Amino acid sequence: MKVITWLGENFTLVQGFLLGAVVVMAYRGLQKRAESSQFRTREFEKPNSNESKRSAIQPPPFQKKPSPEPLALPGIQLDGEAHEVLGVAPD
């Protein structure tokens, strides 16, 4: 009975201690999360799991296909007078 009487007389003190305990626990919980990530990992620094798979699947260099020849643009001719290249009258 003495404990209940003491709690009744010091109810605001008990509430203050409980509130303080909750604040300290929340602060420590948030502090540990902040410590786990001190910097951001940029996109190019992240390990790419596809690279290791790709290097294992790639054929040796002698089995690679040759690159196709570039497409020809027959309408463009750079050998000639300036007015002929631009397609305008000479005067």
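Since this is a predicted model, take the numbers as computed values, not measurements. Computed from heavy atoms alone, side chains included, the values below leave out hydrogens, waters and symmetry copies.
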> In terms of hydrophobic clustering (I, L, V, M, F, W, Y; side-chain heavy atoms under 4.5 Å; direct or indirect links), are L30 and L19 co-clustered?
Replying inline: no

>> Apply side chain to side chain contact (heavy atoms under 4.5 Å, CB included) to residues L7 and F11 and explain how you reach the verdict.
In response: CA-CA 5 Å; L7 284 175; F11 186 71; 6.0 Å; no

>> Side-chain heavy atoms nearer than 4.5 Å, only ILVMFWY residues, links allowed to pass through others: does that put V23 and V14 together?
In response: no

>> Using every non-hydrogen atom in the two residues, find where A89 and H83 come nearest and quote the distance to one decimal.
In response: O-CB, 3.9 Å

